[in-house]
Amino acid sequence: MIVGVIGGGQLARMMALAGLPLGMEFAFLDPEPDACAGATGELMVGAYDDPSMLDALARKVDVITFDFENVPESSVRALAARVPSLSSARALGVSQDRLREKTLFREIGVPTAEFAPVDTIADLESAVADIGLPAVLKTRRLGYDGKGQVVLRSVDELASGWEAISGAPAILEAFVPFRREVSVIAVRGRDGETAFYPLSENTHRDGILRLAASRPGDPATDAARKLAARLLEELEYVGVLVLELFDTDSGLVANEFAPRVHNSGHWTIEGAQTSQFENHLRAVSGLPLGDTSPIGPAVMLNIVGEAPDTEAVLAVRGAHLHLYGKEPRPGRKIGHVTVRSTEGAGLEIAVQELLALSGVG
Ligand code: AMP
């Protein structure tokens with residue numbers, strides 16, 4: 001089986017690392033000639049929306065999936081007509097647009113922050129009058145890792161906030177006073193079977209995920225799974241899908257979803273019976289889903305901007321290092337470390353040891 005992946009970043013690379021032992025081969029489409037998944041399969045260098053490249057990919061592979069969701073929905077629909085296993089065009093389209101995403105949440109009864117579309121500064125003023133402050137102004141499209149969004153705290157900040165997002169089509173969301181951020185990693189097979197991992201509890205800094213801890217037995221688990229299940233069914237989704245939630249005093253509030261494997265699920269490589277990457281591949285290729293149960297608690301720490309000393313990471317008991325083969329750059333995710341509790345070694349202590357290393361967390 002040859003799996004085509006649109007996007008050749010670390011998610012594609014980790015998918016291939018999970019799929020190679022299952023006898024799968026990989027082809028990646030990415031505009032960057034040094035895309036890091038290239039080490040694990042054939043890299044086709046070209047634009048994500050280049051019809052001739054998408055056509056070449058479709059001819060080569062049995063299954064197509066994504067590590068990157070900002071591919072035009074129209075290109076994906078055209079591909080879906082040719083590669084029967086590709087069923088996520090709608091999920092991809094909805095997740096690309098925060099207005100469609102929040103509207104879908106509302107339609108299917110998934111609680112989300114109050115929101116309003118904003119296309120002009122006048123819209124922004126009336127949205128603020130309705131929703132109140134503080135609020136978060138976000139571009140509808142192409143926002144990630146905290147980019148394309150600004151928190152508005154007073155009416156004096158409306159003009160500068162509008163300028164900060166360059167007047168792009170946007171939404172205004174009420175600011176959610178959350179206690180913590182969690183995500184639920186869910187998978188749905190072609191036959192409609194679903195499975196869920198333990199919740200991840202996620203810590204961000206400067207808009208970038210730094211740490212994700214698995215929380216087997218977390219009290220919010222059932223509620224989070226119910227919401228994710230609603231989304232999977234509505235979208236008739238196949239593969240791994242991750243729903244990011246705010247945990248508040250009045251329950252869970254959905255922030256966004258990603259129709260793909262996700263950074264908050266990297267701990268599943270060592271911390272679950274079957275990783276999110278393997279389960280995504282199993283789902284999209286019509287294979288039985290793997291066991292999602294945890295192998296004890298695990299914590300994943302991102303490596304951002306600079307690589308830590310390999311020896312120092314590996315000296316921490318229970319630590320597993322994943323480097324993506326990417327050039328370090330400020331703010332760039334270039335790897336992660338997962339630490340699992342081991343006999344005699346405290347997980348908290350190991351996490352503190354890792355956090356003391358430059359580049360980690
Ligand atoms: P996003 O790009 O929507 O994932 O947002 C990035 C981060 O900004 C989230 O992980 C939260 O920490 C914060 N954030 C986003 N939206 C809101 C909101 N409506 N209220 C409070 N914090 C938010």
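Each residue takes its place number in the sequence, starting with 1. Note that ligands are numbered from 1 as they come in the structure, with each ligand's atoms numbered from 1 the same way.
Neither the backbone nor the side chain of Pro177 comes within contact range of ligand 1; no heavy atom lies under 4.0 Å. By the criterion of a heavy-atom distance under 4.0 Å, the side chain of Val136, and not its backbone, is placed next to ligand 1. Contacts of Asn255 with ligand 1, taken as heavy-atom pairs under 4.0 Å, involve the side chain alone.
Between the side chains of Ser183 and Asn202, at least one donor N or O sits under 3.5 Å from an acceptor N or O.
A salt bridge does not link Arg188 to Glu193: none of the charged nitrogens lies less than 4.0 Å from a carboxylate oxygen. Glu278 has a carboxylate O that lies under 4.0 Å from a charged side-chain N of Arg282, or vice versa, which qualifies the two as a salt bridge. Under 4.0 Å is where a charged nitrogen must lie from a carboxylate oxygen, and between Lys60 and Asp55 no such pair does. Salt-bridge check for Arg215 with Glu201: passed, with a basic side-chain N closer than 4.0 Å to an acidic carboxylate O.
With sequence neighbours excluded, the residues satisfying ring pair (Phe, Tyr, Trp, His ring centres under 6.0 Å) with His266 are Phe277, His336. Residues meeting the side chain to side chain donor-acceptor pair (under 3.5 Å) test with Ser200, sequence neighbours left out: Trp267.
Nearest-residue assignment for atom 3 (O) of ligand 1 (options Lys138, Arg205, Glu181, Glu244; heavy-atom criterion): Lys138. With Glu173, Glu101, Glu114, Gln149 as candidates, the residue nearest to atom 5 (O) of ligand 1 on a non-hydrogen basis is Gln149.
Residue Phe175 has no nitrogen or oxygen atom sitting less than 3.5 Å from a nitrogen or oxygen atom of ligand 1, judged on distance alone. An N or O contact shorter than 3.5 Å links Arg98 to ligand 1 by distance.
Under a 4.0 Å criterion applied to the non-hydrogen atoms of Val176, ligand 1 contributes the atoms 18 (C), 19 (N), 20 (N), 21 (C). Atom numbering of ligand 1 starts at 1 in the shown order; those under 4.0 Å from a heavy atom of Phe178 are 12 (O), 21 (C), 22 (N).
Under a 4.0 angstrom heavy-atom cut-off, Ala174 registers as being in contact with ligand 1.
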